[in-house]
Amino acid sequence: MSDSYAVIGNPIGHTKSPLIHGLFAQETGQDMRYVAIEGPLEPAQAFADTVKDFIAAGGKGMNVTAPFKLHAFAMADERSERAALAGAVNAMKFENGRVIAENFDGVGLVRDIEVNLNQPMAGKRVLVLGAGGAVRGALLPFLAARPAQLVIANRHVDKAKALVEQLALNGSLSACGYAELESMEPFDLIVNATSASLTGQLPPVPPCVFSPHATAYELAYGKGLTPFLRLARDAGVQGIADGVGMLVEQAAEAFAWWRGVRPQTRAVIDRLTVPLN
Ligand code: ATR
């Protein structure tokens, strides 16, 4: 029988994960099946019960998406440092009766930016908008990429400051509100990790943050030219991208973790890309 994997979320109808992992399995010749599971929203214990049922039926691993990333964190027996900092889990491996938890969102994002978009972050000025779960997951991998400056801007500045303090690091990481961005030097990479684009909104980011050669990255995907990407383009930015590459790269990280073989991502990204114009 082939090894069994799944993505769990609610709703889950629009997930691309079975397609992505199916293509990876085909390309690498792995004998596995990968399905989508709509997890129960309540009672609270029902999520863990669903995962345990999947394990009991021989399941080897799961991806986890909204709204269960915190539930998965809570039920894990072991958590990676990245998952611990994020307080959230997007991939689980089931081994010897234990649930091992990871968070590949941040590494997937860094890989998309540095490898696919060919924009190494070392020595660059990087601005991240937002201080929610998506940013928590990205911070350690971002710092590991050694930017000259990493600034986190959020409407609720305290949330961004708390994140920075949690990392208790050197001067290259700082937090601020949107108004303070007006008086800062422009940035080389600006990542919109707020949830504003999901509702067609624009974070109050001033156009002066974009340097002429900047890359503007929208974490959301499949939404075309979001208000944030439009702002960047109107500010003269040539390099704009959405999160489809991150989606595929985090999937590739999970696949490599589960199967011990790294799939190619380019063709899969191309297949899923929705034009931005
Ligand atoms: P996620 O897990 O997707 O990051 P989240 O934890 O709910 O979601 O965080 C949402 C983030 O988007 C927050 O940083 C939020 O800013 P606040 O913490 O100040 O509320 C940000 N956000 C949502 N809508 C926004 C908007 N219209 N403009 C600016 N920031 C927005």
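Ligands are counted one by one from 1 in listed order, and the atoms in each one are counted from 1 as well. Bear in mind the structure is a predicted one, so any value in this text is a computation, not a measurement.
- Ranking the protein heavy atoms by distance from atom 18 (O) of ligand 1 puts Lys159 NZ, 2.7 Å first.
- In the vicinity of His156, heavy-atom distances shorter than 4.0 Å reach the ligand 1 atoms 17 (P), 18 (O), 19 (O), 20 (O).
- For the residue pair Thr199 and Gln201, a side-chain donor N or O sits within less than 3.5 Å of a side-chain acceptor on the partner.
- In Gln201, the part holding a heavy atom less than 4.0 Å from any atom of ligand 1 is the side chain.
- Considering backbone and side-chain N/O of Val135, none are found under 3.5 Å from N/O of ligand 1.
- The protein atom (non-hydrogen) at minimum distance from atom 8 (O) of ligand 1 is Gly133 N, 4.3 Å.
- Listed by chain and number, the residues in a salt bridge (Lys or Arg N to Asp or Glu O under 4.0 Å) with Arg125 amount to none (sequence neighbours excluded).
- Salt-bridge annotation for Arg266 and Asp270: present, with a side-chain N of the basic residue lying under 4.0 Å from a carboxylate O of the acidic one.
- The number of heavy-atom neighbours closer than 6.0 Å to CZ of Arg262, taken from other residues, nucleotides and ligands shown, is above 12.
- Looking at atom 21 (C) of ligand 1, its nearest protein heavy atom turns out to be Thr194 CB, 3.6 Å.
- Of the possible donor and acceptor atoms, none in the side chain of Ser172 sits under 3.5 Å from a partner among the backbone N and O of Gln149.
- What sits closest to atom 24 (N) of ligand 1 on the protein, heavy atoms only, is Arg155 NH2, 3.6 Å.
- Residues Arg79 and Glu102 are not paired through a salt bridge, judged by the lack of any N-O separation under 4.0 Å between the basic side chain and the carboxylate.
- The shortest N or O to N or O distance between Gly130 and ligand 1 is not under 3.5 Å.
- Closest protein heavy atom to atom 7 (O) of ligand 1: Ser195 OG, 4.8 Å.
- Counting protein heavy atoms only, atom 9 (O) of ligand 1 is closest to Gly132 CA, 3.4 Å.
- Of the listed options Leu202, Thr199, Asn154, Asn154 places a heavy atom closest to atom 13 (C) of ligand 1.
- The ligand atoms of ligand 1 that sit less than 4.0 angstrom from a heavy atom of Ala131 are 14 (O).
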Review item, side-chain donor-acceptor pairs of residues 150-163, under 3.5 Å, at least two apart:
| residue | atom | partner | partner atom | Å |
| --- | --- | --- | --- | --- |
| Asn154 | OD1 | Ala131 | N | 3.3 |
| Asn154 | ND2 | His156 | O | 3.1 |

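- A salt bridge links Glu78 with Arg98: the distance from a Lys NZ or Arg NE/NH1/NH2 to an Asp or Glu carboxylate oxygen falls below 4.0 Å.
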